[in-house]
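Just so it is clear, the structure is predicted and the values come from calculations on it, not from any experiment. Below, chain A is the first sequence line, B the second, and so on; all start at residue 1.
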Amino acid sequence: MNRYNPKNFESKWQAEWDKSGIYKAQDNSLKPKKYILEYFPYPSGAAMHVGHVRNYAIGDAMARFNRMQGFEVLHPMGWDAFGLPAENYAIKNKVSPAVAIEQNTKRFKAQLNQMGFGYDWSREINSTDPKYYKWTQWFFLLLYKRGLAYQQESLQWWCPVDKTVLANEQVEAGLCWRCGNQVEKKSLKQWFFKITDYADRLLNDLDDLNWSEAIKSMQRNWIGKSKGALIDFKIDGSSQKIQVFTTRPDTIFGATFLVVAPEHQIVNLITADSQKTAVEKYVKDTQAKSEIERQETGREKTGVFSGTYAINPLSNEKVPIWIADYVLAGYGTGAIMAVPAHDERDFEFATKFNLEIKQVISNDDSGDGFTVNEGGMVSSGEFNGLDSAQAREKIVQKLAELGLGVEKVNYKMRDWLISRQRYWGAPIPIVYCSKDGVVPLDEKDLPVLLPEIESIEPSGDGRSPLVNVESFVNTTCPKCGGSAKRETDTMDGFACSSWYFLRFADPNNDKMPFDKSKADYWLPVDEYIGGAEHAVMHLLYARFWTKVMYDEGLIDFTEPFTTLRNQGMILAPDGNKMSKSKGNTIEPDGLIESGYGADSIRVMELFIGPWNQASNWSVDGLGGSYRFLQRVWKITSQYIEAVDGDLSSSSAQRLKKIEHKTIKKVTRDLENLSFNTAVATLMEFVNDLYKIKEESPIVKKTAWDDVIVSLLKLLAPIAPYITEELWHLMGKEDSIHLQAWSVFDESLTQDDDFELVIQINGKVRQQLRALNSLSQKELIDLALNDDKVKKYINQNPVKKTIVVPGKLINFVV
RNA sequence: GGGCGAGUGGCGGAAUUGGUAUACGCGAUGGACUUAAAAUCCAUUGGCCUUUAAAGCCUUGAGGGUUCGAGUCCCUCCUCGCCCACCA
């Protein structure tokens with residue numbers, strides 16, 4: 001047989017697997033199902049590098065392992081092709097996005113195929129296909145129908161580089177999540193999805209998900225639920241009032257001033273003439289500050305006195321009203337009651353501007369009192385002596401009686417802004433009629449096709465390039481039949497990815513987005529694999545849509561992804577993130593071309609370290625993976641070519657034993673996603689086989705049959721090509737990937753004896769072989785008769801003897 | 001500042017319920033094969049330690065504790081990574 005040369009057979013098997021359709025998932029299977037999904041990729045201009053590949057290598061190993069274990073596996077792939085990355089690539093390269101997407105998907109698909117990933121390509125979807133986005137538009141109408149899509153004019157995040165608005169989730173520390181440039185605020189009329197209606201459910205249902213705590217806490221943090229109260233402060237000498245939100249109504253007697261955000265509408269009203277110039281200047285200065293500046297931490301507090309006072313509703317004290325940008329206009333009511341004695345920020349502000357600081361909670365270890373969170377109420381009138389937690393309720397009760405306060409739950413999460421002033425997205429299925437106003441389209445009018453146009457560059461005037469396409473804009477009103485204009489904004493790409501996992505269950509349905517029975521069979525996704533970067537975007541949106549679909553009765557489950565797996569990043573050998581701009585990407589294509597083959601890369605991706613930890617790519621390490629596969633090739637071909645003969649029964653027994661031990665260990669490792677140790681175990685297995693072969697040469701059709709079959713099967717999920725090739729060289733029929741997983745016999749994994757470790761005072765001093773059948777007393781006698789042990793005990797009396805059966809003895813002397 | 005996670009050889013990393021620390025791989029060194037190289041195969045490879053051997057001692061970020069026994073459990077501290085960050 002030839003030497004191991006992956007070039008000789010990898011593309012052959014790709015074609016063969018494709019032809020025989022071995023990865024097709026059956027909708028009506030009697031087997032238990034397993035839906036394994038990797039995030040569907042953006043087919044951007046940059047090809048996939050070995051970092052991206054890891055994601056798919058993990059999913060593919062899981063899919064193959066589960067298939068061999070008897071599950072009906074759905075492992076599909078598609079393209080998240082709408083959105084800025086694809087569009088920007090198209091603009092930069094002066095091609096139409098549609099053409100760019102076609103080229104890039106082709107390239108990505110070829111890369112996935114050459115890596116040997118087993119997808120059910122009969123279910124391939126593309127979010128830019130009208131057959132797909134028809135249903136994305138259908139979901140828009142569903143949300144509209146359910147009162148969850150609405151239009152509103154307000155200040156929005158605007159990216160001046162990408163020339164579109166962005167959702168809250170898509171702005172990271174004042175920067176656009178896509179291009180990394182500073183965003184601005186711009187007032188525009190926009191479409192929103194009312195995700196805030198689902199805030200509580202999105203929060204509560206997290207508890208039962210098998211997701212990492214990191215991602216769950218990111219979502220909890222993002223939803224940002226806090227319980228508190230709305231409290232009205234009358235403005236002194238006016239009938240007007242200021243409403244504040246606080247989580248600590250118990251501290252109200254310590255509220256020595258109010259602070260309102262500079263953007264608050266009431267600012268003009270409360271500004272006294274004497275302070276007019278100062279306030280106007282402050283408000284203007286604030287506007288000039290970038291979002292980044294405003295969000296800088298450790299920044300010194302700034303603010304200005306309005307010149308007016310409010311009345312504390314319980315203490316009836318006159319408290320000054322200040323204007324400061326440390327209060328955010330968009331959260332709560334945009335105004336706070338400041339309690340400097342018990343809030344660090346208020347304390348800092350009060351100290352700087354010499355405002356009164358009044359302690360209202362104290363406890364025994366309180367010191368100066370300013371750090372006390374909970375304790376007994378002081379200086380709080382009738383509430384003195386109460387515990388702060390109790391006072392919280394009593395005070396809200398009292399305020400409610402006075403008609404000045406009410407309990408309130410607040411969320412940091414805002415509604416999801418989904419309009420984009422860009423060309424490359426699914427058109428929003430809405431028309432504006434001079435007679436009927438805003439009119440949603442009928443389902444029969446879907447899809448609203450995205451017209452092919454020449455200039456797709458956004459103008460930056462807050463309108464999408466589609467406004468210039470008259471044939472698109474001018475239409476008729478579905479209600480009155482009169483002339484109407486289409487909405488020209490397109491939907492956020494995240495709308496497309498909020499339901500794609502359902503489409504895979506029924507990808508070619510042209511009557512419905514999916515058939516309910518198919519969705520209920522395949523969904524929820526059992527294993528969802530991808531990076532952590534989607535924690536508060538895609539993963540929150542998809543959960544929201546799923547709940548809406550459940551409420552509409554389209555599906556019977558409320559969470560889309562039962563288990564979420566965030567794989568660790570593969571970094572460049574220098575430890576940096578791989579990126580095209582840094583020029584440090586390593587693509588699989590070249591490695592395959594130079595002879596390593598896809599299997600070596602796959603072994604390396606999984607062997608490099610725990611699947612959920614970041615690792616640096618190593619070219620030397622890849623050589624090690626290749627050598628391992630070569631040894632597998634060699635030992636298998638020696639077995640195939642061997643001449644029949646005899647094998648000593650002790651060698652046969654040894655083979656059997658290591659085979660079953662290996663099956664046991666690898667099975668457990670794959671169940672636990674411990675791919676790196678599974679590979680290590682297989683390497684040890686092969687090393688052992690070499691040793692045994694050395695002692696007694698391989699003979700055919702004896703103990704070696706099962707051993708080699710098991711070796712190939714155990715390796716198949718990780719290295720599908722070499723195992724398939726060797727499987728067929730052995731003369732086997734069908735694909736190895738459709739075979740049943742090897743099972744181990746527990747009794748065959750047991751040894752007759754074990755290495756007894758003998759410790760004296762906790763230090764290992766001797767190791768002896770001991771039979772499993774020995775009693776504790778016999779073990780102790782065995783140990784005490786050993787010369788070395790005798791030497792260490794040195795005739796001292798043994799105070800204590802600890803025997804761990806099957807493992808060790810510790811003598812305390 | 002808050003949350004989550006992690007610190008083990010020259011490097012990536014391994015270690016069921018506390019029970020032989022350093023599996024497996026890389027790198028390195030020596031050897032076999034070869035005219036030579038590559039490839040392959042074999043051996044060695046935590047530190048004190050410098051040629052070998054024996055013996056000993058030390059070693060899982062630092063310090064303490066529990067225990068017959070701690071990488072693993074508890075306390076204090078240090079460092080790094082990721083996420084969030086003036087959310088009242």
Let's see if you can work this out: which of [options] has an atom nearest to the side-chain heavy atoms of [X]?
X        : options             : value
A:Met683 : B:G25, B:U40, B:A15 : B:G25
A:Lys301 : B:C86, B:A14, B:A88 : B:C86
A:Leu808 : B:G69, B:C86, B:U20 : B:U20
A:Ala680 : B:A88, B:A23, B:U16 : B:A23
A:Glu755 : B:U20, B:C86, B:C68 : B:U20
A:Val764 : B:A21, B:U40, B:A88 : B:A21

For [N], the Watson-Crick or wobble counterpart (both distances under 3.5 Å):
N     : result
B:G27 : B:U45
B:U40 : B:A32
B:G5  : B:C80
B:C73 : B:G65

Side-chain N or O of [X] closer than 4.0 Å to phosphate OP1/OP2 of [N]:
X        : N     : answer
A:Lys763 : B:C58 : yes
A:Arg631 : B:C41 : yes
A:Gln613 : B:G5  : no
A:Tyr326 : B:A88 : no
A:Arg765 : B:G69 : no
A:Asn687 : B:G25 : yes

What contact category does [X] fall into here, base, sugar-phosphate, or nothing, at under 4.0 angstrom with non-hydrogen atoms?
X        : value
A:Asn676 : sugar-phosphate
A:Asn410 : nothing
A:Gln767 : base
A:Ser226 : sugar-phosphate
A:Gly224 : nothing
A:Val812 : sugar-phosphate
A:Ala338 : nothing
A:Gln759 : base
A:Thr247 : sugar-phosphate
A:Ile608 : sugar-phosphate

Give a yes or no on whether a donor-acceptor pair under 3.5 Å exists between the nucleobase atoms of [N], that is its base, and the side chain of [X].
X        : N     : result
A:Lys799 : B:C68 : no
A:Asp620 : B:C26 : no
A:Arg627 : B:U40 : no

Test item: A:Asn672 side-chain N/O and A:Ser674 main-chain N/O as donor-acceptor pair under 3.5 Å:
no

Quick one about [Y] and [X] (side-chain donor to acceptor, distance below 3.5 Å, no hydrogens or angles considered), yes or no?
X        : Y        : result
A:Asn410 : A:Ser226 : no
A:Tyr528 : A:Thr563 : no
A:Thr196 : A:Asp415 : yes

Hey, which of these two, A:Glu213 or A:Ala335, hits RNA chain B nearer its 5' end, going by closest nucleotide?
A:Glu213

Can the ring centres of A:Phe305 and A:Trp322 be said to be less than 6.0 Å apart?
yes

Go through the steps for A:Phe349 and A:Phe257 under the test ring pair (Phe, Tyr, Trp, His ring centres under 6.0 Å), then give the verdict.
CA-CA 10 Å; A:Phe349 194 80; A:Phe257 57 100; 5.8 Å; yes

As an exercise, state the distance from CD of A:Gln766 to CD of A:Glu755, rounded to the nearest 0.5 Å.
9.5 Å

Base orientation of B:G47, syn vs anti, 90° cut from 0
anti

Gap in Å between the two P atoms, one belonging to B:A55 and one to B:U60, rounded
23 Å

